[in-house]
Chemist: 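Mind having a look at this structure? Questions to follow.
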Amino acid sequence: MVFSNFFYFLRESGLKVSLDEWMTLIEALDKGLAYSSLERFFYLSRAILIKSEADYDMYGRLFSAYFGDAVTEGEIPDEIWEFLKNPIDQMPYDKDEVDERTNLSYEELEELFEKRLEEQKEAHNGGIRWIGTGGTSPLGHSGYALNGFRVGELSTRQSALQVIARQNFRDFREDETLDIRHFQTALRRLRQYSSRYGQAKDELDIDATIDKTCENAGMLRLVYDYPRKNTVKLIALFDSGGSMERYAKLCSQLFQAVSKENHFKDLKIYYFHNCPYNKLYKTPMCDLKDSVDTEWVLKNIGDDYKILFIGDASMASWELRYYNGNRRNRVSDNVSPVAWLSRLVNNYDEAVWLNPIPENQWETARGKTTIGLIKSVVPMYPLSVDGLERGIRKLLGIR
């Protein structure tokens with residue numbers, strides 16, 4: 001009954017856990033898939049009960065609150081975590097001696113751990129006493145003890161009586177700025193959407209056909225569904241340099257997620273500085289020798305592509321109307337960047353702009369004038385989970 005209370009605890013805390021999912025977890029436990037390990041149970045239950053990676057961190061916190069499997073990172077000084085960052089290999093040891101010395105109860109280990117937290121002032125690795133690595137202390141990781149508290153790192157022997165994990169939560173709230181895991185999660189939604197919109201139901205659904213045929217007294221009834229293949233073709237345009245330097249890591253993570261995940265039938269990536277103009281670049285350095293004419297892109301890449309712009313849209317207002325292209329490269333041009341932007345937006349199926357500046361700062365941030373002007377040309381969304389979700393729906397024409 002106590003275990004069943006965990007189900008109600010999750011639901012009361014706001015996680016949408018269904019009874020079917022809970023019964024699947026019970027079945028998995030009956031089959032011994034958790035191997036009598038709280039850590040393995042955590043990953044097993046998360047895989048079965050949690051439908052969205054956006055809820056992973058919330059589930060981790062609720063799991064810890066209910067089972068008490070981990071001390072939160074705030075209860076352990078940062079210095080201890082630093083001491084454990086560079087583990088050494090397991091040092092030689094006498095197993096019988098270690099087993100006898102570390103045959104401690106949970107209460108004894110808890111008391112010992114609290115004492116070491118107060119006393120330890122530096123890293124100790126390969127030893128028998130302190131919170132360290134590679135030794136035979138019952139406190140730390142990457143060593144050996146019959147019983148102990150594992151502090152950080154992955155488990156190797158599954159023998160720890162307590163897992164003390166530095167959780168380093170990266171909140172998956174829908175309004176948070178994304179990291180690579182967020183991007184991958186959100187882009188999976190694109191794949192789900194892309195197979196359901198803008199296509200005819202021309203792929204035979206075998207399971208549904210069987211069900212309908214049975215319901216029809218054995219007379220064949222064919223059921224068709226949307227094809228599962230991805231049909232989205234995308235041009236991704238990244239702003240590079242200048243004020244975007246502060247977002248370089250974030251854009252790199254988006255680039256990796258877009259490039260590695262198989263979400264698109266075809267993907268083309270180019271770079272620009274501040275705003276696209278008569279040259280687009282093949283590398284973030286925006287070097288002329290690695291550029292293509294925007295006019296060539298417009299004429300040679302089919303209009304069935306969708307465009308995703310990524311940039312802060314922040315620059316001096318004259319730069320959007322400057323008729324000589326990007327001044328840094330002295331490229332002759334007689335069309336303003338804002339005009340090129342309009343041509344790109346109007347030439348292709350759909351276009352959106354993702355801005356790493358939080359949406360509530362667009363009207364007050366440096367560059368607010370250009371942000372407003374670009375936003376009037378192309379729909380703009382914040383570079384957040386919710387923003388990317390809304391942008392994807394816009395790209396796919398989903399209301």
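The model shown is predicted, which means the values in this text are computed figures rather than measured ones.
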Chemist: What side-chain donor-acceptor pairs closer than 3.5 Å can you find for residues 352-359, not counting sequence neighbours?
Modeler:
residue	atom	partner	partner atom	Å
Trp353	NE1	Gly311	O	2.7
Asn355	OD1	Ile357	N	2.9
Asn355	ND2	Asp312	O	3.1
Glu359	OE1	Arg390	NH2	3.3

Chemist: Rounded to the nearest 0.5 Å, what's the gap from CG on Leu146 to OG1 on Thr136? Could you check?
Modeler: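 If we round to the nearest 0.5 Å, Leu146:CG and Thr136:OG1 are 12.0 Å apart.
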Chemist: Above 12 or not: heavy atoms from other molecules or residues under 6.0 Å from CD1 of Ile206?
Modeler: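 No, not enclosed.
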Chemist: Give the C-alpha distance, both sets of side-chain angles, the deciding distance and a yes or no for side chain to side chain contact (heavy atoms under 4.5 Å, CB included) between Met285 and Tyr281.
Modeler: CA-CA 8 Å; Met285 283 70 75; Tyr281 300 95; over 6 Å; no
Chemist: Would you name the heavy atoms of Tyr271 and Cys286 that are closest together and state the gap between them?
Modeler: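 Smallest heavy-atom distance, with atoms named: CB-SG, 4.4 Å.
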Chemist: Rounded to the nearest 0.5 Å, what separation is found between the CD1 atom of Ile374 and the OG atom of Ser314?
Modeler: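 Interatomic distance, Ile374 CD1 to Ser314 OG, rounded to 0.5 Å: 9.0 Å.
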Chemist: Is a donor from one side chain sitting under 3.5 angstrom from an acceptor on the other, for Asp99 and Tyr144?
Modeler: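 Present: a donor and an acceptor within the cut-off.
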Chemist: Tell me, which pairs form a salt bridge (Lys or Arg N to Asp or Glu O under 4.0 Å) where one or both residues lie in residues 362-384, sequence neighbours left out?
Modeler: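 Not a single pair qualifies under salt bridge (Lys or Arg N to Asp or Glu O under 4.0 Å).
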Chemist: Can you measure from CD (Glu27) to OG1 (Thr24) and round to the nearest 0.5 angstrom?
Modeler: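 With rounding to 0.5 Å, CD (Glu27) is 6.5 Å from OG1 (Thr24).
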Chemist: Tell me, which pairs form a side chain to side chain donor-acceptor pair (under 3.5 Å) where one or both residues lie in residues 295-306, sequence neighbours left out?
Modeler: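 The answer is Lys233-Asp304, Asp266-Tyr305, Glu295-Arg343, Lys306-Asp349.
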Chemist: For Glu97, which residues count as a side chain to side chain donor-acceptor pair (under 3.5 Å) partner, sequence neighbours excluded?
Modeler: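 Side chain to side chain donor-acceptor pair (under 3.5 Å) check on Glu97 returns Arg101.
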Chemist: In terms of side-chain heavy atoms, does Ser45 have a donor or acceptor partner in Tyr59 at a distance below 3.5 Å?
Modeler: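 Looking only at side-chain atoms, Tyr59 and Ser45 do form a donor-acceptor pair, the distance falling under 3.5 Å.
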Chemist: If every non-hydrogen atom of Ala145 is compared with every non-hydrogen atom of Val98, which pair is closest and at what distance?
Modeler: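 Taking Ala145 first and Val98 second, the nearest heavy atoms are CA-CG1, 4.1 Å.
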Chemist: Looking only at non-hydrogen atoms, find the nearest pair between Leu280 and Pro276 and report the distance.
Modeler: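 Leu280 and Pro276 have their closest heavy atoms at CD2-CB, 4.0 Å.
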Chemist: Grab the two heavy atoms, one from Val292 and one from Lys282, that are nearest each other, plus how far apart they are.
Modeler: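 Closest heavy-atom pair between Val292 and Lys282: CG1-CE, 3.5 Å.
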Chemist: Show the numbers, then the answer: is there a side-chain hydrogen bond (donor to acceptor under 3.5 Å, both in side chains) between Thr294 and Asn278?
Modeler: CA-CA 5 Å; Thr294 306; Asn278 67 337; 6.0 Å; no
Chemist: Assess the side chains of Ser18 and Glu21: does a donor N or O sit below 3.5 Å from an acceptor N or O?
Modeler: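 A donor-acceptor contact under 3.5 Å links the two side chains.
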Chemist: Hey, is the main chain of Glu122 close enough, under 3.5 Å, to the side chain of Gln120 for a donor-acceptor pair?
Modeler: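 Confirmed, Gln120 side chain pairs with Glu122 backbone.
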Chemist: Side chain to side chain contact (heavy atoms under 4.5 Å, CB included) between Tyr277 and Leu341: does it pass, once the steps are laid out?
Modeler: CA-CA 7 Å; Tyr277 58 106; Leu341 179 63; over 6 Å; no
Chemist: If you link I, L, V, M, F, W and Y whenever their side-chain heavy atoms are under 4.5 Å apart, who else ends up in the same group as Ile88?
Modeler: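 Joined to Ile88, directly or through intermediates: Met91.
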Chemist: Would Trp22 and Phe7 count as a ring pair (Phe, Tyr, Trp, His ring centres under 6.0 Å) if you check the C-alpha gap in whole Å, the side-chain angles of each, and the deciding distance to 0.1 Å?
Modeler: CA-CA 7 Å; Trp22 184 255; Phe7 170 71; 5.2 Å; yes
Chemist: Please identify which of these residues, Asp293, Asp287, Asp290, meets the salt bridge (charged side-chain N to carboxylate O under 4.0 Å, His left out) condition with Lys279.
Modeler: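 Exactly one pass, corresponding to Asp293.
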Chemist: If you count the non-hydrogen atoms of other residues, nucleotides and ligands that lie under 6.0 Å from CG in Asp89, is the total more than 12?
Modeler: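 Atom CG in Asp89 is not crowded, with 12 or fewer foreign heavy atoms closer than 6.0 Å.
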Chemist: Looking at CG of Asn125 and CD1 of Ile131, how far apart are the two atoms once the value is rounded to the nearest 0.5 Å?
Modeler: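 So the CG of Asn125 and the CD1 of Ile131 are separated by 11.5 Å.
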Chemist: I'd like to know if the side chain of Lys394 reaches the main chain of Tyr381, judged simply by a donor and an acceptor atom lying under 3.5 Å from each other, with no hydrogens or angles considered.
Modeler: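 Not confirmed, Lys394 side chain does not pair with Tyr381 backbone.
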Chemist: Yes or no on ring pair (Phe, Tyr, Trp, His ring centres under 6.0 Å) for Phe309 and Tyr270, after CA distance, side-chain angles and deciding distance?
Modeler: CA-CA 10 Å; Phe309 299 93; Tyr270 296 106; over 10 Å; no
Chemist: Can you pull out every ring-ring contact (aromatic ring centres under 6.0 Å, His included) where at least one residue sits in residues 118-139? Sequence neighbours excluded, please.
Modeler: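 Non-adjacent pairs meeting ring-ring contact (aromatic ring centres under 6.0 Å, His included): His124-Trp130.
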Chemist: Give the C-alpha distance, both sets of side-chain angles, the deciding distance and a yes or no for side chain to side chain contact (heavy atoms under 4.5 Å, CB included) between Ile210 and Val223.
Modeler: CA-CA 9 Å; Ile210 293 173; Val223 179; over 6 Å; no
Chemist: Search all heavy atoms of Cys275 against all heavy atoms of Pro337 and return the closest pair with its distance.
Modeler: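 It is SG-O, 3.7 Å.
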